[in-house]
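Written out below as structure tokens is the structure these notes cover.
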Amino acid sequence: MTASSDITAPGPRPGGIAARALGAKPIPDYVARLNPEQRLAVETTDGPVLVLAGAGTGKTRVLTTRIAHLLATGKAHPSQILAVTFTNKAAREMRHRIGDLIGPSVEGMNWLGTFHSIGVKILRRHAELVGLKSSFTILDTDDQIRLMKQVIQAEGIDEKRWPAKQLAALIDGWKNRGLVPKDVPPGDGGSFANGKAVKLYIAYQERLKVLNACDFGDLLLENLRLFREHPDVLKEYHQRFHYMLVDEYQDTNVAQYLWLRLLAQGRRNICCVGDDDQSIYGWRGAEVDNILRFEKDFPGAVVIRLERNYRSTSHILGAASHLIAHNQGRLGKTLFTEANDPDSVKVQVSSSWDSEEEARAIGEKIEDLQRQGHRLNDMAILVRASFQMRSFEDRFITLGLNYRVIGGPRFYERQEIRDALAYFRVVAQPADDLAFERIVNTPRRGIGDTSIKLLYDYGRSRGIPITQAAEELVQTEEVKAKTRTALRDLMASFERWRGKLGTIKHTELAEIILDESGYTEMWQQDRSADAPGRLENLKELIRSMDEFESMEGFLEHIALVMDKDNAENQDAVSIMTLHSAKGLEFETVFLPGWEEGLFPHQRALDESGRAGLEEERRLAYVGITRAKKRASIWFASNRRIHGLWQSNVPSRFLDELPEKHVDVVEQTSNYGGYNVGGVGNYGASRFDRADPFQNTYSTPGWQRAQANRAAGAKPAAKSNTRLIEGELIAKSTGSKSDYAIGERVFHQKFGYGHIEDIEGNKLTVAFEKAGTKKVVDSFVSKN
DNA sequence: TAACCCATCTTTTTT
DNA sequence: AGATGGGTTA
């Protein structure tokens, strides 16, 4: 057992270190503004500290104040603090807020950034130690997949049967877990390419080295290698970093964790801030376990819980806390608020007939609020999956309601931007094969697949990049005259542009490249609707280059910072996924689509069982806790998924909300909701006859939850996943179906069909006309 | 080489 | 439904 202190509601203990420290000098006002727990988190500067910061408890404030405190007390210089975040946005915001506290000296914080940007910085300094040149290129996902495709084909494997995307997922997974090829456990690649996955991983890494390139995963992996194989280098960083801080610690994957641990071995002054209840990125390698094992890895760690919530009303907090209490794998925090909120409203739960009505009803609510003087900027619609956004967009367009979609394809991922960047890359980094391949025939120059293959063969046989192969081949007779001319012209152009690199302004050069290559013209000729937008984006790209010193500086930046501020100042409702809502807050939050299968998402359940369910529940928790004043949850009885209508069962998460903090809104519209008997054209169903939410509160699941809650007990722990899944099905279905496999049934909408499978009250029916669908038994009748 | 047709897939997203 | 990608055809 390690000596760790778990401090739940501390104040400076009389005579304690903090109290003495405080007594010694006047309390700086930035510290005085903190509550006791926050203050402890700020003032416990030395040794390992884990801050468990619930939603809305001032996490960022603690981090920024802690840094300010380290600087103000002279414990460290700005350049001696390592502060890591996950996103550029978070890093920017942190820099900004520290700047507010300490002024311009924040500029000296050279080591505040994302895991990746700091990883690159370190790697560039020591690149040759891991077999790279310091000018290495960083490949994005797209390049990565194209390269893997080549590797798969080079191995003579059928790329159709074993898609590069799948291999990429596999390799990414390994890299997330910090595994180089030789560390991959045998059999871990599954049946991919008949067990050749690791071989492909090796081949891929070799190709990367030849190209002098790294993918995102390598940035950390190569750091690990560097630190392990060169203790002197690691030691240098131990000396450099006096204090380390980590934001969103619950999102770290194993590689990031190992990286942190290596660095923290030096001075052991590491402070991680996170919330296990907000871990929603398990599917991309985040390990909540990193939080759970912190005390083991750092004996003597101080654990501080921030549970005082400053964001939400007591009803919202009550609803969210009760929901998340259904999770077993958590450290457990109880959020509370001291806000005196007499006008606090309960969380509303409403239903609708289908997604269109859902959008219509939410649109009305938004307009109501707007009429009452609320700003659209203070409202958000948070969806589980992005396809849900469409019905809202459609509706808001007809209403003329301003909205903004957050997320979606990012600026630097657009085709025209990537093409333009590829041109710049070939100019700046002549051996960038992937970039060259991308644009060699864009616009069309008559250099087709055959010619490119020829370049590859030539290049591979001689071990030279294809750009160089192109240079050499145009001197020979091996290429058809027409192609040869085209290629020679292109190579000459690149040579010409390269010559201008550094002699004229890089933005000007960029324009010249796009014009002379015919790329701009290609879009000008394009008659499709989005061509003008693409030209606009290209202009925007060049405008944004202006902020950089040089072409190389710009390319370095965009490889890592694939986001762009779209600071729209217009008043608009935000529409985004629950994932991208993490860290944000709004007065009013709408949470549509709380239906089994969508939320929790069926795939999360299928692929990850209980862990998947718990992650979905955390997502629900994140959703509710985004709301400051009003949260309203919606459920649609019918939804069109992949083009076909599906009837839905309300999400089990609805069952898990506490009645005390929830208002079930009776559907009174005449569009045909739940309890409008017989209006819907789906014919009789149990949904038509009774208010499901009245039923909801008497389901076994709900009662069990209430009982557990009352007893103060966590739901009984189950170690057997199968059993738990069985329980979940029972929970979601309620009663057993009295249909039998093979039985012929009739559905109001889909017609006749035969039952293929039964799962609780969900039937898989092969309809004669409509195909095979999953339906709830109450929607069909015996024939 | 470009147009066209068919099969396939469809959660969440950062770097 | 709708986008995407690959293979086939003119």
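Since the structure is predicted, the reported quantities are computational estimates derived from the model, not experimental observations. First the proteins, then the strands, lettered A, B, ... as listed; each starts at 1.
The separation between A:Leu605 atom CG and B:dT11 atom P is 14 Å, rounded to whole Å. Per the geometry, CD belonging to A:Gln144 stands 15 Å off P belonging to B:dT15, to the nearest Å. Between A:His116 atom NE2 and B:dT14 atom C1' there is a gap of 8 Å when expressed in whole angstrom units. With rounding to whole Å, A:Arg618 atom CZ is found 18 Å from B:dT12 atom P. One can place CG of A:Asp172 at 15 Å from P of B:dT15, the figure rounded to the nearest angstrom.
A:Leu382 comes within 4.0 angstrom of no nucleic acid atom, judged by non-hydrogen atoms across all strands. No engagement by A:Gly407 is indicated, since no non-hydrogen atom pair under 4.0 Å with the nucleic acid exists. Backbone-only contact: A:Arg390 has heavy atoms under 4.0 Å from sugar-phosphate atoms and none from a base.
The side chain of A:His579 approaches B:dT13 more closely than any other nucleotide in the set B:dT11, B:dT13, B:dT15. Here the nucleotide nearest the side chain of A:Glu607, chosen from B:dT15, B:dT11, C:dG6, is B:dT11. Checking B:dT12, C:dG6, C:dA1 against the side-chain heavy atoms of A:Lys149 singles out C:dG6 as nearest. Set against B:dT15, B:dT13, C:dA1, the side chain of A:His642 has C:dA1 as its closest nucleotide.
A salt bridge between A:Asp251 and A:Lys582 is present, with a side-chain N of the basic residue lying under 4.0 Å from a carboxylate O of the acidic one.
The aromatic rings of A:Phe548 and A:His557 lie tilted to each other, with the angle between the two planes from 30° to 60°.
When the side-chain hydrogen bond (donor to acceptor under 3.5 Å, both in side chains) test is applied to A:Lys121, no partner is found at least two apart in sequence or on another chain.
Place A:Ser386 and A:Leu219 on DNA chain B by their nearest nucleotides, and A:Ser386 ends up nearer the 5' end. Along DNA chain B, the nucleotide closest to A:Ile280 and the one closest to A:Gly217 are compared, and the more 5′ of them pairs with A:Ile280.
By the stacking rule of 5.5 Å between ring centres and under 30° between planes, A:Tyr281 does not stack on the base of B:dT12.
Distances shown here put a side-chain N or O of A:Asn88 below 4.0 Å from the OP1 or OP2 atom of B:dT15. Considering only side-chain N and O atoms, A:Arg444 lies under 4.0 angstrom from the phosphate OP1 or OP2 of B:dA2. For B:dT13, one of the phosphate oxygens OP1 or OP2 lies less than 4.0 angstrom from a side-chain nitrogen or oxygen of A:Thr577.
Atom CZ of A:Arg390 has 12 or fewer heavy atoms from other residues, nucleotides or ligands within 6.0 Å.
Only one option out of A:Lys209, A:Arg125, A:Lys175 pairs with A:Glu222 in a salt bridge (charged side-chain N to carboxylate O under 4.0 Å, His left out); it is A:Lys209.
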